[in-house]
Amino acid sequence: MNLNPLLQALGLQEDAAQALAVDLRTQIDALQTQLREAELRLEHLAITRTTIIGLADRIPAQTVAPTGSLELPEHQDHPRMLSVFNDTTGPLRARDICQALDFELLPKHVECTRAKMKCLVTLGILTGAEPGTFSKKQ
């Protein structure tokens, strides 16, 4: 019995299987590289999420009321400050607001009031008419 044709056929199958194994290893390497990149991206996103959550309590809350206007951040002075603007027609300074609200005219009170008014400008409720003055947005 001549085994050469059988061994040649077996050799061809071994070569084909070897080529397939090399091709699959190449694909596995490429997939492992893609997997490492995806896992690294996930790590970066997790770090970003953690950072944002850590900073979330530093960002002033802005919510939209059902009417579409911005609600005031929760602070007891904001409605009182706006009522002062409702009672006047022209622009006001932080010092004017302090006087109207019976705050002591100490620099710390004036600066705190100015900061609150700037917050209301950022929210689009007040406008900075001229440097240092504020008026209600029309």
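Among residues two or more places apart in sequence or in another chain, the side chain to side chain donor-acceptor pair (under 3.5 Å) test is passed with Arg36 by Thr33. Take Thr133 and apply the side-chain contact (heavy atoms from CB on, under 4.5 Å) test, not counting sequence neighbours, and it matches Pro91, Arg93, Ala129, Glu130. Remark: Asn86 engages Lys136 in a side-chain contact (heavy atoms from CB on, under 4.5 Å) (not counting sequence neighbours). In this structure Asp15 satisfies the side chain to side chain donor-acceptor pair (under 3.5 Å) test with no other residue, sequence neighbours excluded. Residues passing the side chain to side chain donor-acceptor pair (under 3.5 Å) test with Asp23 are Gln27, sequence neighbours excluded. Remark: Arg95 engages no residue in a salt bridge (Lys or Arg N to Asp or Glu O under 4.0 Å) (not counting sequence neighbours). With sequence neighbours excluded, no residue satisfies side chain to side chain donor-acceptor pair (under 3.5 Å) with Ser83.
Distance check: Leu120 CG to Phe85 CZ gives 8.0 Å after rounding to the nearest 0.5 Å. Interatomic distance, OG1 of Thr113 versus CD1 of Ile97, reported as 8.0 Å (0.5 Å rounding). Atom CE of residue Met117 and atom CG of residue Leu126 lie 6.0 Å apart, to the nearest 0.5 angstrom. Going from atom CZ of Phe134 over to atom CG of Leu92 covers 10.0 Å, rounded to the nearest 0.5 Å. Here CD of Glu43 is found 12.0 Å from CZ of Arg41. Values are rounded to the nearest 0.5 Å. The CD atom of Gln34 lies 11.5 Å from the CG atom of Asp29; values are rounded to the nearest 0.5 Å.
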Would you tabulate the side-chain donor-acceptor contacts of residues 100-112 under 3.5 Å, counting partners in other chains and residues two or more places apart, or write 'none'?
{"from": "Glu111", "atom 1": "OE1", "to": "Arg114", "atom 2": "NH1", "distance (Å)": "3.1"}
{"from": "Glu111", "atom 1": "OE2", "to": "Arg114", "atom 2": "NH1", "distance (Å)": "2.4"}

In a table with atom names and distances, give each donor-acceptor pair under 3.5 Å that connects a side chain of residues 45-56 to protein atoms at least two apart or in another chain.
{"from": "Thr48", "atom 1": "OG1", "to": "His44", "atom 2": "O", "distance (Å)": "2.9"}
{"from": "Thr50", "atom 1": "OG1", "to": "Ala46", "atom 2": "O", "distance (Å)": "2.9"}
{"from": "Thr51", "atom 1": "OG1", "to": "Ile47", "atom 2": "O", "distance (Å)": "2.9"}

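In the hydrophobic clustering, where aliphatic and aromatic side chains (Ile, Leu, Val, Met, Phe, Trp, Tyr) are joined below 4.5 Å either directly or transitively, Leu24 groups with Leu20.
Within the structure, every pair that satisfies the salt bridge (Lys or Arg N to Asp or Glu O under 4.0 Å) test and touches residues 80-91, not counting sequence neighbours, is listed here: Asp77-Arg80.
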